[in-house]
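Right, one structure below, let's go through it.
This chain uses plain numbering: 1 for the first residue, then up along the sequence. Computed from a prediction, not measured in an experiment: that's the story for all the values here.
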Amino acid sequence: MTHTTHEFNRFADVRAALADPALVPELPASDGGLYGGPAGASVAWLRATVARFSSGEPHRRRRALVEAELSRLEPASLWRAVAAGPGGEVRVRVVRALAEGLGMPEPGAVAEAVTVVAGAYFGGADPAADEAADEAVARLVARLAPAGADEAALEAVANRIGLLVQACDATAALVESCAGAALAEAAGGDVPPARVLREDPPVRTMRRIAARATRVAGREIAEGDVVLLDLATAQRAHPVPLTFGAPPRVCPGRAHALALADGLLQRPLTPFARLHHQAATPLLLPNAWDHASAAALAAQGFPAVGTTSLGVAAATGLPDGAAATVDATLALARSLGRGSFLFTVDAEGGFSDDVAEVAALARELYDAGAAGINLEDGRADGTLAPVELHAAKIAAVKAAVPALFVNARTDTHWFGRQEDETAARLASYEQAGADGVFVPGLSDPDGIAALTAALLVPLNILYTPTGPTLAELAALGVRRVSLGSLLYRRALAAAVTAATAVRDGRPTDLAAPSYAEVQALAEP
C-alpha cells in the first residue's frame, strides 16, 4: 500500500502536528514497522524499547523512567562536571558527564560505546556500522543490567541507554551551533542559546507517522502516512523554539542539555544562577525593602534575597513603577553589598528607555554586589513596553555585565492585557539573553505548565496565597518563586495592628526581635 508524505513548515501547523497523539515517532524501516524490532540486546531492540519511539501507555511508562533518571541530576552539577572534566570529543564528554552523574560504572567506557550506538540509532547506517552498534548495545546492557534482569529491568536499562544516546549527538550539535554563532557575531561575543536554537537548530526536521487517521491543519492524514516537520523553517518565522518538542512530547532533559552545552562552551554559571537549577526545589526568593529586612531573611537560611520596588519606593515616599527610585535602589544595593548573602535587585524597567543608561545602571548594581537584576516591561500607565525595546535592554545588560543574572519580567498577566502574547514575549527575551523570565499575576496551573513546556530558561512565578503551593509550582516546572511586596505589606499591617492594639487597650502579641538582635543586623 502506498502512503502519502505530508510536509509542514508553518509554525502553527508544526505545533499542531507535534501535539497530535495520532502522529507518533517513526521507527526506522529496518526495524520492520512502527512497533516492531527483534528481542535481544541490539539497536533494533533498543529502538523498540525506548520512550523516543513509543506511543500510548508504553511511552508514558518509559518516559517516566527517563524523568526519574533526570530528576536525580541537577543541571548545575552537569555544568561543573563537563566544564572541569577531561577533554576530548564533545560527544564523549557529554555522555561521560551524564553517565558519571547517573552513577554508571566506568563512565568513560560507557561513553565510548554510546557514541557507536548513536551512529546507528536513527537508521541509515551501513551494515558494518549496524553490526558495531549492535555489539556496543550488548556491551552496555551487560554493564548496566543487574544479573538475572527481568523484562521490566531491561526496559529501564534500555531507557537509560536511550537517554545517553539522544543526548550524544543533539547536545554536540547545539554546542557546535553556539560556537559557530559566536564566531559569526560581529563583535565576537556570546550568543544566547535560545537565539541559536531558533536561527540554527541542531534538530532541523522531525518525522512522524500516523498510527491512525487524523486531520492536521486542514489536511486529511491516513493511517500509515508520513509527516515531515520542517522545524528550521517554522522557527525562523516565530520566536518560540521547537527543537525540544512540544506537548505531549516535550523533551524532559532540556535544562540538562543546555547546562552541558554551557559547560562545554565555558559559559559562566554563577552561584546565584545555580540556585535556579536545583533538581527538585525551586528557589524561594523573599523580597526585602531595606538592609535589616534582607539581613534578617538571610539569617533564616534563605540562600538569596530579592528587593521589592514597591517597598523601596514606599519607604522613601515615592511612587512605584514611575522610574523615581533609581537613587534609592542604588543606595540599597550598596548597603546590601556589605553583607555576605546573594541578592538580586528589582529595577522596574531599568528606570529609563535609553538602552545605554539601563546597561550602565546594571553595571553599577553589579559593582555594588548584586547577583541579579529584575527588568519589567510594564509601564506606570498600564501599558507594555515594545518587545523590541525590552529585548534591547536585556541584550545591552548582558553585553555590559555577562555575569549578572537577568530576570526578564512581562506584565501581560499582571496588567490583564495582551496575555496571548506572553509566550512570544518571553521567547524574545530569552533570545536577547535573559537568564530567567518572570510572569507575575499568572497562577493558572495549565497556563504555567504551557509556559514551562515552551521555555528554555527558568520560569519565575509570583507566589499568591490563593494560588498553587510551592510544591505544586515545583511540579509544574517553576524554578523560582518570588514573594514580591507581600512581606513589606504584611510588615506594615503588623506594625499598624500592634500600634492600634496598644492605643485601644486590646491584647496583642508583641513578640519581636530584641534591640540587640536588630542592631546586630547592621553589622557588616
The single option from Leu260, Leu164, Thr171 passing side chain to side chain contact (heavy atoms under 4.5 Å, CB included) against Val95
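Of the listed residues Leu260, Leu164, Thr171, the side chain to side chain contact (heavy atoms under 4.5 Å, CB included) partner of Val95 is Leu164.
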Considering the options Leu459, Ile461, Thr410, Asn374, which one meets the side chain to side chain contact (heavy atoms under 4.5 Å, CB included) requirement together with Phe438?
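For Phe438, the side chain to side chain contact (heavy atoms under 4.5 Å, CB included) check succeeds only for Asn374.
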A side-chain contact here means heavy atoms from C-beta on lying under 4.5 Å apart; do [X] and [Y] qualify?
{"X": "Trp289", "Y": "Leu487", "value": "yes"}
{"X": "Arg480", "Y": "Pro458", "value": "no"}
{"X": "Arg52", "Y": "Tyr121", "value": "yes"}
{"X": "Leu229", "Y": "Leu242", "value": "no"}
{"X": "Pro386", "Y": "Asp377", "value": "no"}
{"X": "Asn9", "Y": "Val14", "value": "no"}

All pairs passing ring-ring contact (aromatic ring centres under 6.0 Å, His included) where residues 343-381 contributes a residue, at least two apart:
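For residues 343-381: none.
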Just grab all the ring-ring contact (aromatic ring centres under 6.0 Å, His included) pairs involving residues 381-403, residues at least two apart or on different chains.
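Every ring-ring contact (aromatic ring centres under 6.0 Å, His included) pair that includes a residue of residues 381-403, provided the two are not neighbours, is His390-Tyr429.
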Check: [Y] main-chain N/O paired with [X] side-chain donor or acceptor under 3.5 Å:
{"X": "Ser485", "Y": "Tyr488", "value": "no"}
{"X": "Arg62", "Y": "Phe53", "value": "no"}
{"X": "Arg274", "Y": "Leu269", "value": "yes"}
{"X": "Glu430", "Y": "Val457", "value": "yes"}
{"X": "Arg195", "Y": "Ala432", "value": "no"}
{"X": "Thr412", "Y": "Thr422", "value": "no"}
{"X": "Asn287", "Y": "Ser482", "value": "no"}
{"X": "Glu348", "Y": "Gly321", "value": "yes"}
{"X": "His256", "Y": "Leu73", "value": "yes"}
{"X": "Arg160", "Y": "Leu102", "value": "yes"}

Does one side chain, of Asp346 or Ser309, offer a donor that lies under 3.5 Å from an acceptor on the other?
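Yes, Ser309 and Asp346 have a side-chain donor paired with an acceptor closer than 3.5 Å.
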If we ignore angles and hydrogens, is there a donor and acceptor under 3.5 Å between the side chains of Asp381 and Thr383?
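Result is yes, a qualifying pair exists.
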With side chain to side chain contact (heavy atoms under 4.5 Å, CB included) as the test, would you mind laying out the steps for Cys251 and Gln166 before giving the verdict?
CA-CA 10 Å; Cys251 174; Gln166 288 177 215; over 6 Å; no
Under 6.0 Å from the six-membered ring centre of Phe8 and within 45° of its axis: does the NZ or CZ of Arg219 meet both?
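Yes.
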Quick one: [atom1] on [X] to [atom2] on [Y], what's the gap to the nearest 0.5 Å?
{"X": "Glu176", "Y": "Leu264", "atom1": "CD", "atom2": "CG", "value": "10.5 Å"}
{"X": "Leu442", "Y": "His413", "atom1": "CG", "atom2": "NE2", "value": "4.5 Å"}
{"X": "Asp446", "Y": "Leu451", "atom1": "CG", "atom2": "CG", "value": "11.5 Å"}
{"X": "Arg60", "Y": "Ser54", "atom1": "CZ", "atom2": "OG", "value": "11.0 Å"}
{"X": "Leu473", "Y": "Ser443", "atom1": "CG", "atom2": "OG", "value": "9.0 Å"}
{"X": "Leu275", "Y": "Thr270", "atom1": "CG", "atom2": "OG1", "value": "8.0 Å"}

Which of parallel (below 30°), tilted (30 to 60°) and perpendicular (above 60°) describes His238 and Phe11?
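Ring orientation, 0 to 90° scale: parallel.
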Check against side chain to side chain contact (heavy atoms under 4.5 Å, CB included), Asp20 and Arg208:
CA-CA 10 Å; Asp20 192 328; Arg208 294 289 186 265; over 6 Å; no
Near Glu100 CD, under 6.0 Å, is it more than 12 heavy atoms from other residues, nucleotides or ligands?
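No, the 6.0 Å shell around CD holds no more than 12 heavy atoms from other groups.
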Heavy atoms only: give me the nearest [X]-[Y] pair and the separation to one decimal.
{"X": "Pro286", "Y": "Leu284", "value": "CD-O, 3.3 Å"}
{"X": "Arg236", "Y": "Arg204", "value": "NH1-NH2, 3.8 Å"}
{"X": "Ala474", "Y": "Pro282", "value": "CB-CD, 3.4 Å"}
{"X": "Ala328", "Y": "Val312", "value": "CB-CG1, 3.9 Å"}
{"X": "Phe302", "Y": "Leu297", "value": "CD1-O, 3.2 Å"}
{"X": "Leu46", "Y": "Gly162", "value": "CD1-N, 4.4 Å"}

Thinking salt bridges, do Asp411 and Arg417 make one under a 4.0 Å N-O criterion?
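No salt bridge links Asp411 with Arg417.
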Evaluate the criterion side chain to side chain contact (heavy atoms under 4.5 Å, CB included) for residue pair Leu330 and Val326; output intermediate values, then yes/no.
CA-CA 6 Å; Leu330 280 168; Val326 60; 4.2 Å; yes
N/O donor-acceptor pairs under 3.5 Å from side chains in residues 394-406, not counting sequence neighbours:
unit_1, atom_1, unit_2, atom_2, d
Lys398, NZ, Pro402, O, 2.7
Lys398, NZ, Leu404, O, 3.0
Lys398, NZ, Asp435, OD1, 3.4
Lys398, NZ, Asp435, OD2, 2.9

Starting from the C-alpha separation in whole Å, work towards a yes-or-no answer on side chain to side chain contact (heavy atoms under 4.5 Å, CB included) for Asp353 and Arg379.
CA-CA 11 Å; Asp353 278 345; Arg379 290 176 157 167; 2.6 Å; yes
